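Shown next, in structure tokens, is the structure this report addresses.
Both ligands and their constituent atoms are indexed starting at 1 by order of listing. None of these values were measured; they are calculated from a predicted model. As a basis for the values below, the full set of heavy atoms in this structure was taken, side chains included, without hydrogen atoms, waters or symmetry mates.
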Amino acid sequence: MPTDAFHSEVSLTVNGSPYCLPLNHRTTVLDVLREQLGLIGAKKGCDHGQCGACTVLVDGRRANSCLMLAVAHEGADITTVEGLRGADDDSLHPLQQAFLERDAFQCGYCTPGQLCSAVGAIAEAAAGDASHVTLPGAANGAPVTLTRDEIRERLSGNLCRCGAYPHIVEAVEDVVR
Ligand code: FES
Ligand code: FES
């Protein structure tokens, strides 16, 4: 497809692989992942930034990919649930393992978003980012301890229609402990 006033070549790295795609300017990162790259882990739940099912990591930060226009993220490094790995390429990420052990899902629809969001939340807490429930002065740039309340608050943007929340919190607790 030629580039024109409505299309541009966009370079993205997804799960370590480079892509250069001719994209309509209205194409979201979520649609690139699902429709063009066949990475269907991230889900289109609401397509309005309300459910978190489409959460991926963009340059290490979690983000709702349904709200991101791909053309605005030229050069971004994106990790989807398919790209989460353990210590070696053949093993599960510790959070994936913990979700299995804690039975932290039922239908699994929200799970890719929950996992990517939890990876991002753990990194944010380690970097000292305060949440809504972090006590004033507790962070000040120091790592924030992920208590149950912190985990609940930091994952509150990821809805689970099956109500698997208690086990999701336990799984994240297992990993941060
Ligand atoms: Fe993106 Fe719901 S599909 S937040
Ligand atoms: Fe079904 Fe969360 S496990 S929506």
Inset, instruction - Decide yes or no on side-chain contact (heavy atoms from CB on, under 4.5 Å) for Q114 and L95, but give the supporting numbers first. - result: CA-CA 10 Å; Q114 302 278 6; L95 278 164; over 6 Å; no
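For residues 62-71, the set of pairs meeting the salt bridge (Lys or Arg N to Asp or Glu O under 4.0 Å) definition, not counting sequence neighbours, comprises R62-E124. Pairs engaging residues 12-39 under the salt bridge (Lys or Arg N to Asp or Glu O under 4.0 Å) rule: D31-K44 [sequence neighbours left out].
With N158 contributing its side chain and G52 its backbone, the two residues share a donor-acceptor pair below 3.5 Å. Between the side chain of Y165 and the main chain of C160, a donor-acceptor pair closer than 3.5 Å is present.
Within a 6.0 Å sphere centred on CG of L100, heavy atoms belonging to other residues, nucleotides or ligands number more than 12.
Placement of V56 and I122 in two distinct hydrophobic clusters is found when ILVMFWY residues are connected by side-chain heavy-atom separations under 4.5 Å, directly or transitively.
Using a 4.5 Å heavy-atom threshold, the side chains of E153 and T134 count as separate. A 4.5 Å side-chain heavy-atom check between V144 and D129 finds every atom pair outside the cut-off.
Distances under 2.8 Å from atom 1 (Fe) of ligand 1 pick out the protein N/O/S atoms C54 SG, C66 SG. Near-neighbour remark for atom 1 (Fe) of ligand 2: protein N, O or S atoms under 2.8 Å are C107 SG, C162 SG; waters not counted.
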